[in-house]
Engineer: 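Right, I'll just put the structure down here and ask away after.
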Amino acid sequence: MSISLEAIVARHADRDGPLLPILHDVQAEIGAIDAGTETRIAHLLNLTRAEVHGVVSFYHDFKAQADPRPVVHICRAEACQARGIEAMMPAVAAAAGDRVRVETVYCLGLCSVGPNARIGDDLHARLDEGALTKLVERA
Amino acid sequence: MTTVRISDDAVTRACGADKVVSAFEKLGWTVERVSSWGMHWLEPLVEVNGVGWGPVTADRVAEIAEGKADDLCIGPVAAHPFIASQQRLTFARAGKTRPLSLDDYAATGGWAGLDRARAIGGERVLAEMIQSGLRGRGGAGFPAGIKWQTVAKASGERKYVVCNADEGDSGTFADRMVMEGDPFALIEGMAICAHAVGAGQGYVYLRSEYPDAIAKMNAAIDLAADRIAPFRMEVRVGAGAYVCGEETSLLNSLEGKRGEVRAKPPLPALQGLFGCPTVVNNVLTLAAVPHILTDGGAEAYENLGMGRSKGTMPIQIAGNVKQGGLYETAFGVTLRELVYDIAGGTASGRPAKAVQVGGPLGAYIHPDQFDIAFDYEAYTAANALIGHGGIVVFDDTADMAALARFAMTFCAAESCGKCTPCRIGSVRGMEIIERILAGGRKADAVEVLPQMHNVRDAERSLEEQVALLEDLCETMKFGSLCALGGFTPYPVLSALRHWPEDFGLTKQAVPA
């Protein structure tokens, strides 16, 4: 694991302000950015751990702890509210239980065909309660 | 007749286009993946020799291949009233070209603006940009030419062009459609800007919620690298922070820092990315540039629109509407036309109750105000804003008090935490709205303690709670560093003023 972290940092060595691209790769390839990882990234970039931790904790995309459960991102911004997402959320929570992590996202940019959800890089639109709970069950 | 055109825009794919594509391929047809026309209620839209069918599912493909499925057929796509009534400049190629085809781009007038800009020189480019009257499409509406001129005149060896593609507003998707449908137009716009201001490096700051756009922009930049050289471009992916759509916060994020807002001055045009002079423009602003820089383009652009709002605006119609999608037209169109004529009313068939214009920080507009013309100044005068040009329609089941509370919740969740009015005001705002909805609040156990001398013992009336909320909104509006805290009062106060009954209040309880 220590090799891959150094490889990730080296990958972005020629960029200006490389911290965000590095953290994205670490999150995607290692699954989390914990305290130990922060310390090592800080050391490699000649930053303090506080600086790295400040960035990691600021952004919603970075997680301190790995969560192996499948994730479903559901848009609950105004346009999807106008198309009825809020009324479906109890059924979604029931379908997800503890097995699936349901995360709120503010806007997937498919506002004319909501409610919308994202699993990995796959986007799903025009969801009604049945379609959405099925997505969550299959995630 | 064995070629079919189907968009590969994220909307189309999310609506199941890939299954339709494989069904056509199974029949031995050639499938051309083009950009989306912007008629999202018809997606996946299938086009054969200019004639369209939509929305198509895989089980209807065989019929369409035989020229049947009349119930889905919309006739010639370009003649559809939704398309024919638009004035498309930024979206001139929508539905017509393959997004990553350099041949298609060059064949539809691509690179003409950049070639001309290089021929006439930076000074004249700046003059034409100012003449066109193009204003920043991100929301603030600052004249783009003036911003470019400031950067061009600023001293500094390194200068940057940054494209703000952190399109976080709910109800907006025009930036995404440009990047997925016509990425070379954005690249050309940035290259023209770099040429005019003397920048060597450009960044596209793109939100992580747009995986398709990230892939397309990366591929397009690789393909166009030689064409725009010596200018270099790079995509940087955001990390889920709404506030990074604010330009100074975006610059901090690009530098690898927390996306906290910077105080202005210094303006980013003078001290922006890594302390260097930087142009920060929205996707739509930069994508409008190639057209303006064609011969006579600036003058044509100036002659469109109304008042000081020149040119066209790609309006994004979303929420509870029959016909949602992208509608580009000159400034001046009214909400009544947009909601009833163009969008065909609500999808639910119920009466429209409110329209939010300009994203989560935009005001809720009452049907009584639907005659207001789409124009920066007209909206400002009505205590509203155009923002990024997204309109979200709600039917009469919408609970405006819940939406006002949501605006405060959203601000609390997305505040960068730098300034107090936004960080704390949003939480207090949530609490006051909850108190109003609960019909007031009794003093709690601590407040009734005898030693609490400075606590008010009389209960606040509903009118006093409303006054408190208005005071708080005033503080947020004038005391916040950026538009997140500064504009959150718009949706809250507009909901309160126009729909006091949703808060359990009488009309008299809310001063106009």
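No hydrogens, no waters, no symmetry mates; every other heavy atom, side chains included, goes into these values. Here the structure is a predicted model, which is why all the values come from computation and not from measurement. Every chain is numbered from 1 and lettered A, B, ... according to where its sequence line falls, protein lines coming before strand lines.
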Engineer: Where on Y106(A) is there a heavy atom nearer than 4.5 Å to chain B: the side chain, the backbone, both, or neither?
Structural biologist: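 For Y106(A), heavy atoms of backbone and side chain both lie under 4.5 Å from chain B.
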
Engineer: Can you see which heavy atom on Y59(A) is nearest to which on A241(B), and at what distance?
Structural biologist: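 In terms of heavy atoms, the two residues are closest at CD2-CB, 3.8 Å.
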
Engineer: Chain A: which of A407(B), P360(B), A413(B) shares the most heavy-atom pairs with it under 4.5 Å?
Structural biologist: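 Between A407(B), P360(B), A413(B), the count favours P360(B).
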
Engineer: Is there a side-chain contact between S112(A) and F173(B) in this structure, where contact means two heavy atoms from C-beta onward sitting under 4.5 Å apart?
Structural biologist: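 Answer yes - side chains close enough.
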
Engineer: Are E78(A) and F394(B) close enough, and set up right, to give a side-chain contact (heavy atoms from CB on, under 4.5 Å), and what steps lead you there?
Structural biologist: CA-CA 9 Å; E78(A) 288 88 344; F394(B) 294 82; 4.0 Å; yes

Engineer: I need the minimum non-hydrogen distance between L110(A) and A14(B), along with the two atoms involved.
Structural biologist: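 Distance-wise, the nearest heavy atoms are CD1-CB, 3.9 Å.
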
Engineer: Which pair of heavy atoms, one from S170(B) and one from C111(A), lies closest together, and at what distance?
Structural biologist: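 In this case the closest contact between S170(B) and C111(A) is C-SG, 4.3 Å.
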
Engineer: With a 4.5 angstrom heavy-atom cut-off, which part of L403(B) approaches chain A: side chain, backbone, both or neither?
Structural biologist: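 The answer is the side chain of L403(B).
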
Engineer: Work out which heavy atom in F406(B) is nearest to a heavy atom in A77(A); give both atom names and the distance.
Structural biologist: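 The answer is CZ-CA, 4.2 Å.
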
Engineer: Who wins among R207(B), E260(B), R13(B), Q316(B) for the most heavy-atom pairs under 4.5 Å with chain A?
Structural biologist: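 Going by pairs under 4.5 Å, I would pick R207(B).
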
Engineer: Take E43(B) and V113(A) through the side-chain contact (heavy atoms from CB on, under 4.5 Å) test and state the conclusion after the steps.
Structural biologist: CA-CA 9 Å; E43(B) 297 287 8; V113(A) 289; 5.9 Å; no

Engineer: For chain A, which candidate among G324(B), A174(B), G240(B), A402(B) shows the most heavy-atom pairs at distances under 4.5 Å?
Structural biologist: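 Result: the option with the highest number of such pairs is G240(B).
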
Engineer: Where on C416(B) is there a heavy atom nearer than 4.5 Å to chain A: the side chain, the backbone, both, or neither?
Structural biologist: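 Both parts, backbone and side chain.
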
Engineer: Would you mind telling me which of A318(B), G259(B), C15(B), S208(B) has the largest number of heavy-atom pairs within less than 4.5 Å of chain A?
Structural biologist: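 The residue among A318(B), G259(B), C15(B), S208(B) with the greatest pair count is G259(B).
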
Engineer: Sort Y242(B) into side chain, backbone, both or neither according to what part of it lies under 4.5 angstrom from a heavy atom of chain A.
Structural biologist: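 Neither part; nothing is under 4.5 Å.
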
Engineer: side-chain contact (heavy atoms from CB on, under 4.5 Å), that's the test. Do L19(A) and K257(B) meet it? Break it down for me.
Structural biologist: CA-CA 8 Å; L19(A) 188 52; K257(B) 298 176 186 157; over 6 Å; no

Engineer: Which bit of E167(B) is near chain A, if near means a heavy-atom gap under 4.5 Å: side chain, backbone, both or neither?
Structural biologist: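 It is neither, since no heavy atom gets under 4.5 Å.
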
Engineer: Any idea which heavy atoms bring F58(A) and V243(B) closest together, and the distance?
Structural biologist: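 The answer is CZ-CG1, 4.0 Å.
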
Engineer: In terms of heavy-atom pairs under 4.5 Å with chain B, which of C75(A), C80(A), P18(A), C107(A) leads?
Structural biologist: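 The answer is C107(A).
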
Engineer: Below 4.5 Å from any heavy atom of chain A, which atoms of S253(B) appear? Answer side chain, backbone, both or neither.
Structural biologist: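 The answer is both parts of S253(B).
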
Engineer: With a 4.5 angstrom heavy-atom cut-off, is it the side chain or the backbone of D169(B) that approaches chain A, or both, or neither?
Structural biologist: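 Contact with chain A involves the backbone of D169(B) alone.
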
Engineer: Contact part of E414(B) toward chain A, heavy-atom cut-off under 4.5 Å: side chain, backbone, both or neither?
Structural biologist: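 Side chain only.
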
Engineer: Sort by residue number and list every member of residues 116-130 of chain A having a non-hydrogen atom under 4.5 Å from chain B.
Structural biologist: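 Hits under 4.5 Å: R118(A), D121(A), L123(A), H124(A), A125(A), R126(A).
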
Engineer: Side-chain contact, heavy-atom cut-off 4.5 Å: R258(B) with S57(A)?
Structural biologist: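 In contact.
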
Engineer: What part of T172(B) gets within 4.5 angstrom of chain A, counting heavy atoms only: side chain, backbone, both, or neither?
Structural biologist: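 Only the backbone of T172(B) comes within 4.5 Å of chain A.
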
Engineer: In residues 89-102 of chain A, which residues are in contact with chain B at a heavy-atom separation under 4.5 Å?
Structural biologist: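 Residues in range: none.
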
Engineer: Compare every heavy atom of A82(A) with every heavy atom of G319(B), then report the nearest pair and how far apart it is.
Structural biologist: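 The pair with the smallest heavy-atom distance is CA-CB, 4.1 Å.
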
Engineer: Please list all pairs passing the side chain to side chain donor-acceptor pair (under 3.5 Å) test where one or both residues lie in residues 17-27 of chain A, with sequence neighbours left out.
Structural biologist: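 Found R11(A)-D25(A), H12(A)-D25(A).
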
Engineer: Report the option among R83(A), H73(A), R76(A) that has the most heavy-atom pairs separated by less than 4.5 Å from atoms of chain B.
Structural biologist: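 Among the listed options, the one with the most contacts to chain B is R83(A).
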
Engineer: Under 4.5 Å from any heavy atom of chain A, what part of A398(B) do you find: side chain, backbone, both or neither?
Structural biologist: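 Neither the backbone nor the side chain of A398(B) comes within 4.5 Å of chain A.
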
Engineer: Sort V105(A) into side chain, backbone, both or neither according to what part of it lies under 4.5 angstrom from a heavy atom of chain B.
Structural biologist: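 Just its side chain gets close to chain B.
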
Engineer: With side chains defined as the heavy atoms from C-beta onward, is the minimum distance between L20(A) and R236(B) less than 4.5 Å?
Structural biologist: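 They are not in contact (no side-chain heavy atoms under 4.5 Å apart), so the answer is no.
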
Engineer: Can you tell me which portion of V393(B) sits under 4.5 Å from chain A's heavy atoms? Options are side chain, backbone, both or neither.
Structural biologist: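 Answer is backbone: N, CA, C or O of V393(B) sit under 4.5 Å from chain A.
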
Engineer: I'd like to check F274(B) versus D16(A) (side-chain heavy atoms, cut-off strictly below 4.5 Å). Are they in contact?
Structural biologist: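 Side chain of F274(B) against side chain of D16(A), heavy atoms only: contact under 4.5 Å found.
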
Engineer: Does NZ in K322(B) sit with more than 12 non-hydrogen atoms of other residues, nucleotides or ligands closer than 6.0 Å?
Structural biologist: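 Yes, because the 6.0 Å sphere around NZ of K322(B) holds more than 12 heavy atoms from other groups.
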
Engineer: Any residues in residues 131-138 of chain A near chain B, with a heavy-atom distance under 4.5 Å, and which are they?
Structural biologist: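 Against chain B, none of the residues of residues 131-138 of chain A fall inside the cut-off of heavy atoms under 4.5 Å.
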
Engineer: Can a salt bridge be assigned to the pair R15(A) and E234(B) using a cut-off of 4.0 Å between side-chain N and carboxylate O?
Structural biologist: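 Yes.
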
